[in-house]
Amino acid sequence: MQPFTKKVIEIMKSIPEGKVMSYGQVARTAGNPRSARQVARILHSMSEKQDIPWHRIVNAKGEIAIKDGEGRFTQRLLLEEEGLRFEEEGKVSLSRYQYFPDP
DNA sequence: CGATTGACTTCTC
DNA sequence: CGAGAAGCCAATC
């Protein structure tokens, strides 16, 4: 288990309800600005073994990153239950719901 | 243990 | 503005 991985997990677990983060944001916060893909990989890999709110992670555009399927539907549903609003199908209003400010 | 992959990002053209 | 390419690095095969 790499330190980066652990940090990413910690960060994701610390995201409060009703907020979302992009992969890039998580990567930066974890200390590796260019490891967005690892965040994705770690996320879908570890979320099943750890209690990670994977649905609070979206891509840079605020869209649900996962391709069509149950996962995407589930994420949308979970986020709506947390009070997030979708501008359109599978797209969340990042401007208001992002977690960490982008420096 | 090398090669492949990927729920991304960002810069160019 | 939209499409294409490159970059990055951990987990999997």
Side-chain angles (χ1 to χ4, degrees):
Chain A
M1 178 83 74
Q2 304 293 339
F4 173 70
T5 306
K6 189 176 177 183
K7 209 164 183 180
V8 167
I9 294 173
E10 236 178 283
I11 291 166
M12 291 194 292
K13 286 176 68 172
S14 73
I15 301 176
E17 232 180 63
K19 304 274 182 174
V20 295
M21 281 184 81
S22 75
Y23 295 88
Q25 258 184 309
V26 174
R28 268 200 300 274
T29 309
N32 292 7
R34 308 163 181 189
S35 306
R37 305 191 71 164
Q38 278 53 263
V39 175
R41 180 162 256 291
I42 292 165
L43 183 59
H44 84 88
S45 179
M46 308 300 283
S47 58
E48 293 177 356
K49 308 182 197 321
Q50 318 282 327
D51 56 329
I52 296 174
W54 61 273
H55 54 274
R56 292 185 192 144
I57 311 298
V58 294
N59 67 19
K61 296 172 193 156
E63 297 171 336
I64 292 174
I66 195 173
K67 51 185 176 185
D68 287 355
E70 281 191 50
R72 186 173 147 278
F73 176 75
T74 304
Q75 179 167 22
R76 157 98 185 263
L77 201 65
L78 286 168
L79 288 177
E80 284 183 333
E81 281 182 17
E82 294 187 354
L84 286 174
R85 294 181 186 178
F86 284 78
E87 291 184 341
E88 50 186 280
E89 181 68 20
K91 202 168 182 177
V92 94
S93 310
L94 265 193
S95 51
R96 281 191 258 179
Y97 296 113
Q98 66 183 353
Y99 181 35
F100 286 108
D102 201 19

Please table the atom pairs, donor to acceptor, closer than 3.5 Å between any side-chain atom in residues 65-80 of chain A and protein atoms at least two apart or in another chain.
from: A:R72; atom 1: NH2; to: A:E89; atom 2: OE2; distance (Å): 3.2
from: A:T74; atom 1: OG1; to: A:E70; atom 2: O; distance (Å): 2.8
from: A:Q75; atom 1: NE2; to: A:H55; atom 2: O; distance (Å): 2.8
from: A:Q75; atom 1: NE2; to: A:I57; atom 2: O; distance (Å): 3.0
from: A:R76; atom 1: NE; to: A:E80; atom 2: OE2; distance (Å): 2.8
from: A:R76; atom 1: NH1; to: A:E89; atom 2: OE1; distance (Å): 2.7
from: A:R76; atom 1: NH1; to: A:E89; atom 2: OE2; distance (Å): 3.2
from: A:R76; atom 1: NH2; to: A:E80; atom 2: OE2; distance (Å): 3.0

Whole-Å gap separating [atom2] ([N]) and [atom1] ([X]):
X     : N     : atom1 : atom2 : value
A:Y23 : B:dC8 : OH    : P     : 6 Å
A:I42 : B:dC8 : CD1   : P     : 13 Å
A:H44 : B:dT5 : NE2   : P     : 13 Å

Kindly compute the distance separating CD (A:E88) from CZ (A:F86), expressed to the nearest 0.5 Å. 11.0 Å
Any chance you could measure A:Q50, atom CD, to A:L43, atom CG, to the nearest 0.5 Å? 11.5 Å
Got a sec, which residues hit salt bridge (charged side-chain N to carboxylate O under 4.0 Å, His left out) with A:R37, two or more places apart in sequence or on another chain? none
Applying salt bridge (charged side-chain N to carboxylate O under 4.0 Å, His left out), can you list everything that pairs with A:E82, at least two apart in sequence or on another chain? A:R56
Can you find a donor-acceptor N/O pair under 3.5 angstrom joining the side chain of A:R34 to the base of C:dG7? no
Sequence neighbours left out, cut at 3.5 Å: what donor-acceptor pairs do the side chains of residues 4-20 of chain A make with other protein atoms?
from: A:K13; atom 1: NZ; to: A:D51; atom 2: OD1; distance (Å): 3.2
from: A:S14; atom 1: OG; to: A:I11; atom 2: O; distance (Å): 2.6

Give, ordered by number, those residues of residues 48-65 of chain A having at least one heavy-atom distance below 4.0 Å to an atom of DNA chain B; if nothing qualifies, reply none. A:W54, A:N59, A:A60, A:A65
Please determine whether a side-chain nitrogen or oxygen atom of A:S47 lies at a distance below 4.0 Å from atom OP1 or OP2 of B:dA7. no
Between A:R37 and A:F4, just flag the one whose closest nucleotide in DNA chain C comes earlier from the 5' side. A:R37
